[in-house]
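In what follows, every chain begins at residue 1, and chains take the letters A, B, ... in the order their sequences are listed.
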Protein chains: 2
Amino acid sequence: MRPKEGNGLSREPRRVTSFDVARAAGVSRAAVSRAFTPDASVSEKTRQKVYQAAKELGYRVNYLARSLTNKRSDFVGLVAAGLDNPYRTQQLEHLARALIARNYRPILLPTSKEADSATVIGQLLHYSVSGVIVTSDAPPSHIFEECAVEGVPIVLINKGEDFPFVDRVVSDDRMSGYTAVDHLIETGAKRLAVIAGKAVSYSSRRRAEAFQSRCTGLGIEAPLIPVAINDYRHGHEAAEKLLDMGIDGVFSVNDYMACGVLDGLAKAGRGDGSVKVIGHDDIPQASWIAYELTTFQQPCDVQAEQVIDLLTSRMSEPDAVARVEFTPVTLIKRRSA
Amino acid sequence: MRPKEGNGLSREPRRVTSFDVARAAGVSRAAVSRAFTPDASVSEKTRQKVYQAAKELGYRVNYLARSLTNKRSDFVGLVAAGLDNPYRTQQLEHLARALIARNYRPILLPTSKEADSATVIGQLLHYSVSGVIVTSDAPPSHIFEECAVEGVPIVLINKGEDFPFVDRVVSDDRMSGYTAVDHLIETGAKRLAVIAGKAVSYSSRRRAEAFQSRCTGLGIEAPLIPVAINDYRHGHEAAEKLLDMGIDGVFSVNDYMACGVLDGLAKAGRGDGSVKVIGHDDIPQASWIAYELTTFQQPCDVQAEQVIDLLTSRMSEPDAVARVEFTPVTLIKRRSA
DNA sequence: CTGTTAGCGCCTTCAA
DNA sequence: TTGAAGGCGCTAACAG
């Protein structure tokens with residue numbers, strides 16, 4: 001059955017096509033195509049004949065060829081950055097699973113300096129992707145236009161840019177900012193502060209703003225402790241400043257950084273709970289015994305569903321007005337506050 | 001310039017093809033194709049004409065159509081599981097970046113009960129993938145044959161199955177097992193043990209075996225403390241047993257679980273360093289102040305390169321004998337041992 | 001170096 | 001419901 005050249009297991013991937021199946025089943029190629037197309041018009045009888053022949057020959061529909069005629073592939077770009085933050089990983093995994101569950105194939109595109117999101121999305125446009133999901137820094141707006149022109153939906157997660165045809169899913173940052181203040185005060189904290197990356201992320205900024213705005217409303221002062229990046233190391237460094245300033249209640253805009261804050265406090269001999277800490281995201285480490293971090297759960301599964309809903313509805317209605325979905329947050333109380 | 005129906009920004013993705021570019025540039029479609037094919041035979045002059053026209057029209061090569069003729073796409077399947085373990089995330093990110101750097105597109109496929117690796121790899125075969133990288137549980141062997149038939153290279157990471165045409169990259173588990181013993185003894189531990197998932201992972205098992213074999217060689221006893229899964233929770237639970245058994249030096253086959261062990265010890269009031277702990281992988285958390293875990297670094301970047309080397313060399317030599325590459329490990333000494 | 005000619009594997013009208 | 005025919009966008013093989 002193998003091609004030629006009897007070197008044991010010669011290659012030359014002799015692929016079987018719909019033509020082969022058609023011949024074997026005694027039907028036309030169109031019939032084969034229909035048999036493998038959901039709700040196409042085929043009799044059960046031919047369908048079975050086709051399936052039978054297909055199985056015997058080891059036939060698989062070539063989805064790439066299919067997308068050529070369909071003008072749309074099953075691929076969805078997943079543009080991500082900061083995967084060292086465990087929350088990002090969770091998001092990624094949930095998105096990937098949710099996509100696969102709906103028969104999409106996620107193309108993973110980690111961003112960095114060399115490969116920024118714009119370049120990367122540009123690349124995606126070569127594959128007739130069904131959509132693009134962005135968790136990294138928001139790309140420059142010109143890329144949105146390109147996508148719009150090619151009819152490729154984009155969904156941004158926790159980003160701020162308001163742009164025609166670009167949908168977004170954002171977590172309820174005002175809620176977390178406000179609640180953080182209230183809870184810190186409830187636990188007895190007097191001198192509050194918030195740690196957040198300087199203009200690094202939309203959600204980060206919004207949480208910090210909400211926190212401060214709530215404080216202002218209550219007539220208390222609450223400085224922003226700026227850091228370069230919202231990560232463990234910078235959280236750790238911020239802990240010192242915190243102590244210098246006499247803060248006893250702090251909101252770290254994500255857990256990843258909050259872990260650093262807690263460790264920094266512990267290192268300075270203040271791991272006794274005298275400084276209350278609230279994080280955000282409820283990453284696995286937040287419930288680890290070393291931290292037991294009070295935090296806001298931001299359910300990735302819900303978020304993923306929201307994202308995909310936006311994606312699919314935009315596919316059917318490309319010209320719809322841009323929408324924003326809010327992911328609810330829930331305060332999880334633990335030892336740290 | 002837009003199609004019809006003047007509803008402001010009407011859609012109907014009017015894609016521009018090589019035909020359009022050819023016409024605009026006054027050349028043939030083949031010329032256009034060549035202009036976009038690395039080291040194809042085109043004069044600089046036509047190439048420029050083509051680029052010019054392409055830019056004006058906003059042309060992009062349709063890679064899907066290209067793969068149709070090439071019979072091979074740029075896609076590489078990334079089959080992964082256990083992404084809650086931060087080391088897995090690191091692997092994933094490095095693999096993805098390494099692939100993209102070489103102009104492959106990683107398709108992310110997280111596995112689980114519903115979507116086991118076999119099913120998932122089967123799906124991939126519809127896309128003429130250039131290869132498959134497996135970090136999850138090894139798939140059943142029949143899938144290897146299917147891939148071999150279709151000429152799709154597979155590389156397994158830290159898996160044991162020895163199968164024709166299937167290459168593997170494995171970390172130097174014997175080395176870590178041996179070194180763990182020696183280092184624990186050096187730091188003064190007397191009663192050793194190793195914690196490992198029961199038949200859950202190849203590397204896990206191999207590390208444990210090496211550990212015990214070294215102990216036997218030194219004439220000391222070293223029980224295996226079995227757990228269901230090598231994760232934080234089970235590490236935490238294992239800590240109790242450890243103390244019951246009077247162990248004072250333990251090798252946890254991965255860091256993720258080791259963090260649980262350390263937390264379990266701390267919770268039992270034995271976070272004083274009286275029980276030495278060594279982990280494996282050097283995940284970010286291992287260097288967090290709460291843990292300062294002595295561990296083995298297993299460089300993801302090296303591993304990723306090894307994987308891709310195997311992948312690409314098998315593409316050119318599909319019938320080569322299966323190879324195994326070893327990833328070196330390095331002991332990183334920290335507070336925990 | 002360039003254009004022409006055939007497909008790659010599939011899907012979608014269109015008649016029957 | 002079925003088959004025939006044409007085309008999706010691109011590239012490889014072959015002249016010139």
Original post:
If you count the non-hydrogen atoms of other residues, nucleotides and ligands that lie under 6.0 Å from CD in B:Glu317, is the total more than 12?
Top reply: no
Original post:
Under the side-chain hydrogen bond (donor to acceptor under 3.5 Å, both in side chains) test, which residues partner B:Thr69, sequence neighbours left out?
Top reply: none
Using a cut-off of under 3.5 Å, enumerate the N/O to N/O pairs linking the protein to nucleotides 8-11 of chain C.
from   : atom 1 : to      : atom 2 : distance (Å)
C:dC8  : O3'    : B:Lys71 : NZ     : 2.9
C:dG9  : OP1    : B:Lys71 : NZ     : 2.6
C:dC10 : OP1    : A:Tyr59 : OH     : 2.7
C:dC10 : OP1    : A:Asn62 : N      : 3.1
C:dC10 : OP2    : A:Ser18 : N      : 2.6
C:dC10 : OP2    : A:Ser18 : OG     : 3.3
C:dC10 : N4     : A:Arg29 : NH1    : 3.2
C:dC10 : N4     : A:Arg29 : NH2    : 3.1
C:dC11 : OP1    : A:Arg66 : NE     : 2.2
C:dC11 : OP1    : A:Arg66 : NH2    : 2.7
C:dC11 : OP2    : A:Ser33 : OG     : 2.6
C:dC11 : O5'    : A:Ser33 : OG     : 3.4
C:dC11 : O4'    : A:Thr69 : OG1    : 3.2

Original post:
Going 5' to 3' along DNA chain D, which nucleotides are the first and last within contact of chain B (any atom under 4.0 Å from a heavy atom)?
Top reply: D:dG9 to D:dA13
**OP:** State whether B:Arg102 and B:Asp309 are salt-bridged, where the test is any N-O pair (Lys NZ or Arg NE/NH1/NH2 against Asp/Glu carboxylate O) under 4.0 Å.
**Re:** yes
Subject >> For B:Tyr63, ring pair (Phe, Tyr, Trp, His ring centres under 6.0 Å) partners two or more places apart >> reply: A:His126, A:Tyr127
Original post:
Which part of the nucleic acid, if any, lies within reach of A:Ser41 when heavy atoms closer than 4.0 Å are counted: base, sugar-phosphate only, or nothing?
Top reply: base
**OP:** Check every strand shown and say whether B:Ser67 touches a base, only sugar-phosphate, or nothing at a heavy-atom separation below 4.0 Å.
**Re:** nothing
What side-chain donor-acceptor pairs closer than 3.5 Å can you find for residues 32-43 of chain B, not counting sequence neighbours?
from    : atom 1 : to      : atom 2 : distance (Å)
B:Thr37 : OG1    : B:Ser33 : O      : 2.7
B:Ser43 : OG     : B:Thr46 : N      : 3.2
B:Ser43 : OG     : B:Thr46 : OG1    : 2.7

**OP:** Estimate the overall bend of the helix from C:dC1-D:dG16 to C:dA16-D:dT1 from the end axes over five pairs each, rounded to 10 degrees.
**Re:** 30°
**OP:** For B:Arg97 and A:Thr111, indicate whether the former's side chain and the latter's backbone hold a donor-acceptor pair under 3.5 Å.
**Re:** yes
**OP:** Run the salt-bridge test on B:Asp319 and B:Arg314 with the 4.0 Å N-O cut-off and return the result as yes or no.
**Re:** no
Subject >> Residues A:Glu325, A:Arg168: salt bridge by 4.0 Å N-O rule >> reply: no
Original post:
When you check the gap from the basic side-chain N to the acidic O, do A:Arg88 and A:Glu93 get nearer than 4.0 Å?
Top reply: no
**OP:** Using a strict 4.0 Å threshold on nitrogen-to-oxygen distance, state whether B:Glu150 and B:Lys71 make a salt bridge.
**Re:** no
